[in-house]
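The analysis underlying the following values was restricted to heavy atoms, covering all of them including side chains, and did not include hydrogens, waters or symmetry mates. Computed from a predicted structure; not experimentally measured. Chain A is the first sequence line, chain B the second, and so forth, proteins listed ahead of strands; every chain is numbered from 1.
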Amino acid sequence: MNENNLNEQEIVRRETLSKLYELGINPYPAEEFKFSHYSFDILNNFIDENPEKFNNVSLAGRIMSRRIMGNASFAELQDSSGRIQLYFKRDSICEGEDKTWYNTVFKKLLDIGDIIGVSGYVFRTQMGEISVHVKEFKILSKSIKPLPIVKEKEGHIYDAFTDPDQRYRNRSVDLIVNTGVKEVFIKRTKLTNSMRNFLNSRGYLEVETPILQTLYGGAAARPFKTHHNTLNQTLYLRIANELYLKRLIVGGFDGVYEFAKDFRNEGMDRFHNPEFTQMELYVAYKDYEWMMNLVEEMVEKIAIDLHGDTKLKVGENIIDFKRPWKRFTMFEVIEHFTGIDISKMDETELLKTAKELGVETNDSMAKGKLIDEIFGECCESKLIQPTFITDYPIEMSPLAKKHRSIEGLVERFEAICNGKEICNAYSELNDPIDQRKRFEDQLKLAKRGDEEAMMLDEDFLKAIEVGMPPTAGLGIGIDRLAMIMTDSNSIQDVLFFPQMRPEIKQNSSESADFEEMGIPSDWVNVIQKAGYTKVEELKEVNPNKLHQQICGLNKKLKLGLKNPTQEEIKEWVQ
RNA sequence: GACUGAUUAGCUCAGCAGGUAGAGCAUCUGCCUUUUAAGCAGAGGGUCCGGAGUUCGAGCCUCCGAUCAGUCACCA
């Protein structure tokens, strides 16, 4: 960070830093600060009749507001559990004659954003607010970058820090300043904990499988590609972990699951981030009917763990996760929403129907893809309450087992909720001959132009040739589920650090380039501040004008530098 | 990628028929011993996203570009 980028307020804060040092105060002390309470404990347990209980408390946190009134002042301290008001009184802070700690350190050298530790006693103000009467305070970390100040009165928020771009790029500030952001992430962790507990209680084993893979598979998506130097080999970041987990089922584990970061090199929007989290589960000797029951039970439990209720508000809707959820086959739900029975149609008829329904089509679409497109276009967004859609066309499910009774379909289901898929599951295909044929069909699709057709994975085939028990498999989108469970409108709201476009940096000359011209480093900053980012620009400027500009800035910014003479400047510029 | 909208002080945002910029908070200087979006008095702070054009004159109009947002498209 270059000095010339500092704004006035940042300069002021750096000055207060040096004043603290002059007073012998270390603004970044090394030693532990022991504190007795969190703000939450005090606010919840303080009883007016019995204030002695909180006669001597200490706590630490960040100053979020200050109201200074002569010899007494109020401030708000924010710790990890919430906020509490502090009361500073001059003669309590400074019992002797020397009032420096109140008049100077507290009033002049403390800022919003500073982290302090305080000790004192708890009381209730005339306005009825439980507060800590501070007897001693200590600076634990001085903040030299001003926070955006968000104020609130009667539930109304003023000057909110709302620009999504700024919030996501600067998540630390977002978490400090915007109430409710932390809760979303705490809920997300509760969600995964709840799910993990549920799976562990059933005896399934949490495992880890490779993220760097020589072949990507298990889903239809474009991958991120990287390179391993020692092996001199292309590797891919996984798009799914399905094929590895199934190998573990072959290996004799009856139930395995993984919370997996997967990576897909595709579009970004409020439902898609290039890296996202999926929980995949495989259980031997089960089928997709059994898995539907498990999903219902698990998600219902998560809703209760998070909200104490199966019902919750998501956007405009109340969603109820109470079992049992509705179940439709894909053909049924399409007929339900379009009035058209497509179950007997061939590819030509489907193409015609799709066009009639206003579904965009192209030549690479085969029968299965067309059905999926019709579903996606006409049904998915209308399914708000959790609903299972079952029995998908075989062409788009190369890893799922053929339906036990209906030709052309597979035993697959998705759960749709709030108009979006939240999970996908199959009775897993364990017939190695059929599996090989399905991979070969995918290759044909790829030749037809389907960029997402799956690759043939010889090692995986080898594994299931050894023999995989009948298995039910599930992939559940954790981010999507977290969005629903936290009523978030965008995936970026449930990811601490969502992928962002890189910030554009102006291509400017390095400070060293200016110094080579003979300009002292102190003045390089000033020149850059004056708007000259490239040395070439400086060579064209009138030296007298430059002299005036930078001397003016020196004065304006109170830099305290000794102004150069006009002759010196001419020498720089020549 | 398409369309629509946005970009003005550290933050949130005004601004007019095109006449050279304003509020609140934040900052700085005072005052104020229980306030709470504290208050009062004063001050500083802006290449009005960048570039070009029209004009006597552009924050405002036109064109080009950048970035962000929303919608759509793409995307299990």
Side-chain angles (χ1 to χ4, degrees), chain A residues 6-13 15-16 64-76 83 85-92 102 107-108 111-113 123-129 131 133 145-169 173 177 218-222 239-240 262 264-274 278 360 362 368-369 372-373 375-376 380 389 392 396-397 399 412 414 416 420-424 451-452 454 475 477 480 489-490 492 500-504 506 529-533 549 556-558:
Chain A
L6 298 181
N7 64 43
E8 184 193 351
Q9 291 184 36
E10 290 171 318
I11 292 164
V12 168
R13 292 222 179 173
E15 283 165 4
T16 64
M64 295 305 289
S65 72
R66 293 199 306 161
R67 295 181 284 279
I68 294 177
M69 321 176 303
N71 294 332
S73 305
F74 292 89
E76 275 181 296
R83 284 189 190 187
Q85 179 168 268
L86 305 179
Y87 176 63
F88 291 83
K89 192 175 172 183
R90 191 227 281 147
D91 297 334
S92 300
Y102 183 78
K107 278 171 73 171
K108 301 264 171 76
D111 288 295
I112 289 169
F123 73 112
R124 193 185 284 275
T125 66
Q126 289 178 2
M127 298 301 289
E129 179 149 351
S131 309
H133 186 126
K145 200 165 188 68
L147 289 173
I149 309 294
V150 178
K151 299 211 169 184
E152 192 186 338
K153 189 188 189 181
E154 288 156 9
H156 194 357
I157 294 174
Y158 299 82
D159 297 340
F161 177 59
T162 52
D163 181 356
D165 186 54
Q166 292 297 317
R167 285 183 49 215
Y168 303 140
R169 283 190 201 282
V173 170
V177 140
R222 279 174 285 165
I239 58 172
D262 292 338
R264 297 186 185 176
N265 206 342
E266 290 171 346
M268 286 162 63
D269 60 30
R270 68 191 186 93
F271 290 105
H272 299 87
N273 195 64
Q278 251 197 124
E360 281 198 32
N362 67 53
K369 187 83 178 165
D372 188 51
E373 288 294 322
F375 171 74
E380 193 172 12
I389 306 299
Y392 282 61
M396 28 170 327
S397 314
L399 302 167
R412 169 177 177 182
E414 291 189 356
I416 313 288
K420 278 281 167 187
E421 168 201 342
I422 56 171
C423 79
N424 181 20
E451 280 190 73
E452 295 184 336
M454 256 177 232
R480 298 267 177 93
N489 194 36
S490 157
Q492 295 171 309
M500 302 292 286
R501 205 178 291 273
E503 278 189 287
I504 308 297
Q506 273 194 343
K529 183 88 185 170
Y532 302 100
T533 54
Q549 274 185 314
K556 182 169 147 192
L557 300 176
K558 298 169 189 154

Exercise for the section: Would you sketch RNA chain B in dot-bracket for me? Only Watson-Crick or G-U wobble pairs with both distances under 3.5 Å count, crossing pairs as [ ], other-strand pairs as |, the rest as dots. Expected result: (((((((..((((.....[..)))).(((((.......))))).....(((((..]....))))))))))))....
Does the side chain of [X] reach to within under 4.5 Å of the side chain of [Y], using non-hydrogen atoms?
{"X": "A/Arg67", "Y": "A/Gln85", "value": "yes"}
{"X": "A/Asn424", "Y": "A/Arg412", "value": "yes"}
{"X": "A/Arg480", "Y": "A/His272", "value": "yes"}
{"X": "A/Asp91", "Y": "A/Asn71", "value": "no"}

Examine the base of [N] for any acceptor or donor lying under 3.5 Å from a partner atom in the side chain of [X], and report the outcome as yes or no.
{"X": "A/Glu152", "N": "B/A37", "result": "no"}
{"X": "A/Glu8", "N": "B/U27", "result": "no"}
{"X": "A/Asp269", "N": "B/C74", "result": "yes"}

Have a look at [X] and say if it touches a base, only the backbone sugar-phosphate, or nothing, with a 4.0 Å heavy-atom cut-off.
{"X": "A/Ile68", "result": "base"}
{"X": "A/Glu76", "result": "nothing"}
{"X": "A/Gln85", "result": "base"}
{"X": "A/Phe271", "result": "nothing"}

Practice task
Calculate, to the nearest 0.5 Å, the distance between atoms CD1 and CZ belonging to A/Ile239 and A/Arg264 respectively.
Solution key: 6.0 Å
Practice task
Go through the structure and list residues passing side chain to side chain donor-acceptor pair (under 3.5 Å) with A/Arg222, not counting sequence neighbours.
Solution key: none
Whole angstroms only, please: what is the [atom1]-[atom2] distance between [X] and [N]?
{"X": "A/Lys151", "N": "B/G10", "atom1": "NZ", "atom2": "C1'", "value": "14 Å"}
{"X": "A/Phe123", "N": "B/U34", "atom1": "CZ", "atom2": "P", "value": "10 Å"}
{"X": "A/Ile11", "N": "B/G45", "atom1": "CD1", "atom2": "P", "value": "13 Å"}
{"X": "A/Met64", "N": "B/A37", "atom1": "CE", "atom2": "P", "value": "16 Å"}
{"X": "A/Lys145", "N": "B/U27", "atom1": "NZ", "atom2": "P", "value": "16 Å"}
{"X": "A/Asp111", "N": "B/U27", "atom1": "CG", "atom2": "P", "value": "7 Å"}

Handout entry: Presence of A/Lys153 side-chain N/O under 4.0 Å of B/A37 phosphate oxygens OP1/OP2
Key = yes
Handout entry: Side-chain N or O of A/Arg67 closer than 4.0 Å to phosphate OP1/OP2 of B/U35
Key = no
Exercise for the section: Check salt bridge (Lys or Arg N to Asp or Glu O under 4.0 Å) between A/Asp111 and all other residues, then give those that pass, not counting sequence neighbours. Expected result: A/Arg13, A/Lys142
Practice task
Report the residues that fulfil ring pair (Phe, Tyr, Trp, His ring centres under 6.0 Å) with A/Tyr392, sequence neighbours left out, ordered by chain and then residue number.
Solution key: none
Handout entry: Partners meeting ring pair (Phe, Tyr, Trp, His ring centres under 6.0 Å) with A/Phe123 (sequence neighbours left out)
Key = A/Tyr87, A/His133
Please produce a list of atom pairs where a protein N or O lies less than 3.5 Å from an N or O of nucleotides 22-24 of chain B.
| unit_1 | atom_1 | unit_2 | atom_2 | d |
| --- | --- | --- | --- | --- |
| B/G24 | N2 | A/Asp159 | OD1 | 3.0 |
| B/G24 | N2 | A/Asp159 | OD2 | 3.2 |

Handout entry: Side-chain ion pair, A/Lys420 and A/Glu380, N-O less than 4.0 Å
Key = no
